[in-house]
Amino acid sequence: MDQEQLSRLEYLEQQARLLDIKQDDRKDYTDTVNQNVDKFYSELEESPVFSTWDGNTAKLVEDYTLSEEGCKLDDILEAYKDSALNSGGLSPAHPCHLGYVPGGGVYPAALGDYFTAVTNRYAGVFALAPGVVCLENLLISWVADLIGYPSGHAGNLTSGGTSATLIAIATARDSMPIKPRDYERAVVYVTEVTHNCIAKSMAVLGMRDSITRQIPMKGISTTMDVQQLQLQINKDKKDGLLPFLLVGSLGTGITGSVDPIGEMADVAKEHNVWLHVDAAYGGFFVLVDEIKCLYKGTERSDSIVIDPHKGLFLPYGSGILLVRDGHKLFEANSLTKVDILQDLKEDSHMEYSPCDLSFELTKHSRGLRMWLPLKLFGVRLFASALEEKLLLAKYFYHKISAMEGFVAVPAPVLSIVVFYYDAKDKEKTDQFNRELLKRIVDDGRIFISSVTVRGIYHLRICVLNFRTHRKHIDLCLEKIEENMTFLKNKFNC
């Protein structure tokens, strides 16, 4: 290497060292960010829960394009705070967010993410971060105990319910086994209110041509009719098809209904069908003693998905997959060790590596964001917050049912209530409720959503944000009644 190259190397080292921020600068940066965080929290409840965006992408690109030279953090945050980057749309942390499935994002989880990002431990291979992987496995085992899975289970902390479902279905496919030549005969059993992550995962796995049976729902409960399920499987087997996957829900995202998992487990066992439980929304309500009975039979499922970014109020990006027979999960996801890891030694103390239990290879740790809040607050506090949400949903249900003209069926099992105003004419009823939703959302103080169940357009609330309390439900009821009065005059009903 000649002198010119050595000089160039010395210059580049000086430049690269600027990326390694010194202690005083780190403190200034974190202080600046914390000031913005404090301002966000102080203004949260008084800010709109939803607002429309002007859609000016051209200005956004013009103002925030990257440049060769850097900028001051104060200027960047000030611009971000007051810009189109941070305006419009939904505020998921807001206590009046009652649409979709809110979570809220407890603050200590952000601290866990912060420390995880600073230390930047690679969490894909046990031998490279044994403590980090052990922490994740501790959390997985804790959830397995809640569900009732026996020893020998395995699981993975994922980015959310959809990636967890993808891994579960791939494991089911390889364990059955279902080969590509069988895809057109493989049958999946769901209901009208099963989450669409099942269909999406099947498509991503190349199983789009498999057969999906929507099993009728029982009465007004929107739960799977197990008798109809049994009849359908018998018919499918007689017709030469391959019953493959049965999906039960512990809290559907549409109505919050809970399928009879124990009865479904009996059918799955009889016909050698993989029983997968979607508990992404409802799984952590098992912490509430009064409704533990709803989870009976879940321990017999083959796999289950639960989202901590729902029922444990973590920030988005937290899902859990559990498989009762952990070896099946390992067999479906493990690969021969790659060359750059060939010198890693294995011993009897090593646990499964997360990269052998998922499609992810490069993986950051998702454990601290979940463990830190649970350890700091204690599990009982989360159980209390979840019980409050159950009671708030019941409170809303009784209040809306008492308003003349509203229909709220079925009664909430968990914390979702679906309802609509009955204008005594289907077309008028549909128009009335669509406009009611629009008026409430456009007001900006309450955000609710809608679903269509059995061909009827419903309004829907989901009470799951840890910041949501009775006064927010009362505000929602107030806005519904206020706009209902206006629309009754408009529609002459």
Quiz prompt | Inter- and intrachain pairs under salt bridge (Lys or Arg N to Asp or Glu O under 4.0 Å), touching residues 213-225, at least two apart | solution =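 Found R213-D236.
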Quiz item: Can you list every pair that meets salt bridge (Lys or Arg N to Asp or Glu O under 4.0 Å) and has a residue in residues 304-317, with sequence neighbours left out?
Solution: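 Every pair satisfying salt bridge (Lys or Arg N to Asp or Glu O under 4.0 Å) with a residue in residues 304-317: D307-K310.
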Counting heavy atoms not belonging to [X], are there more than 12 under 6.0 Å from its [atom1]?
X    : atom1 : answer
E481 : CD    : no
E43  : CD    : yes
Y316 : OH    : yes
N492 : CG    : no
E290 : CD    : yes
K27  : NZ    : no

Just by modelled atom types, is the [Y] backbone N or O under 3.5 Å from a matching donor or acceptor in the [X] side chain?
X    : Y    : value
N36  : T32  : yes
D302 : L275 : yes
S249 : G251 : no
S51  : P48  : no
N196 : A199 : no
S449 : Y100 : yes
H398 : Y395 : no
K428 : F491 : yes
T162 : C197 : no
D259 : I261 : no

From [X] [atom1] over to [Y] [atom2], what is the distance, rounded to the nearest 0.5 angstrom?
X    : Y    : atom1 : atom2 : value
L368 : R121 : CG    : CZ    : 12.0 Å
T30  : Q35  : OG1   : CD    : 10.0 Å
L464 : H309 : CG    : NE2   : 10.0 Å
L390 : I291 : CG    : CD1   : 4.5 Å
H153 : L329 : NE2   : CG    : 11.0 Å
Y352 : N333 : OH    : CG    : 11.0 Å

Self-check item: Working for side chain to side chain contact (heavy atoms under 4.5 Å, CB included), residues V188 and I198
Solution: CA-CA 9 Å; V188 180; I198 301 297; 4.3 Å; yes
If you compare all heavy atoms of [X] against all heavy atoms of [Y], which two are closest, and at what distance to 0.1 Å?
X    : Y    : value
P95  : T468 : O-OG1, 2.6 Å
S303 : V323 : CB-CG2, 4.2 Å
G297 : A265 : O-CB, 4.5 Å
Y397 : S401 : O-OG, 2.7 Å
R467 : G104 : NH1-O, 3.2 Å

With a 4.0 Å cut-off, would you call [X] and [Y] a salt bridge?
X    : Y    : result
E263 : K296 : no
K471 : E45  : yes
D422 : K424 : yes
R434 : D430 : yes
D266 : R300 : yes

Exercise. Take L246 and W274 through the test side chain to side chain contact (heavy atoms under 4.5 Å, CB included) and record every step on the way to the result.
Key: CA-CA 6 Å; L246 171 58; W274 185 281; over 6 Å; no
Side-chain touch [X]/[Y], heavy atoms, less than 4.5 angstrom:
X    : Y    : result
L250 : Y295 : yes
F447 : S91  : no
T223 : V258 : no
H276 : T165 : yes
F285 : L294 : no
P150 : R324 : yes
F432 : M484 : yes
T429 : Y420 : yes

Quiz item: Does NZ or CZ of R460 come closer than 6.0 Å to the centre of the six-membered ring of F419, within 45° of the ring's axis?
Solution: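 R460 over F419 ring: no.
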Distance-only side-chain donor-acceptor flag, [X] / [Y], under 3.5 Å:
X    : Y    : answer
S301 : Y149 : yes
S365 : T116 : no
S318 : R369 : yes

Practice problem: Report the C-alpha distance between E360 and K363 in whole Å, list the side-chain angles of each, state the deciding distance to 0.1 Å, and finish with yes or no for salt bridge (Lys or Arg N to Asp or Glu O under 4.0 Å). | Solution: CA-CA 6 Å; E360 288 186 295; K363 178 185 181 299; 5.5 Å; no
Quiz item: Any idea how F466 and F313 line up, ring-wise: parallel (<30°), tilted (30 to 60°), or perpendicular (>60°)?
Solution: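 Judged by the thresholds at 30° and 60°, the geometry between F466 and F313 is tilted.
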Quiz item: Between V305 and V277, does a side chain to side chain contact (heavy atoms under 4.5 Å, CB included) hold up when you go through it step by step?
Solution: CA-CA 7 Å; V305 166; V277 174; over 6 Å; no
Self-check item: Set of residues satisfying salt bridge (charged side-chain N to carboxylate O under 4.0 Å, His left out) with respect to K490, sequence neighbours excluded
Solution: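 For K490 the salt bridge (charged side-chain N to carboxylate O under 4.0 Å, His left out) partners, ignoring immediate neighbours, are E435.
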Quiz prompt | Evaluation steps, salt bridge (Lys or Arg N to Asp or Glu O under 4.0 Å), between R445 and D443 | solution = CA-CA 6 Å; R445 283 174 283 182; D443 178 74; 2.8 Å; yes
Self-check item: Full working for side chain to side chain contact (heavy atoms under 4.5 Å, CB included) between I320 and N156
Solution: CA-CA 6 Å; I320 296 178; N156 196 264; over 6 Å; no
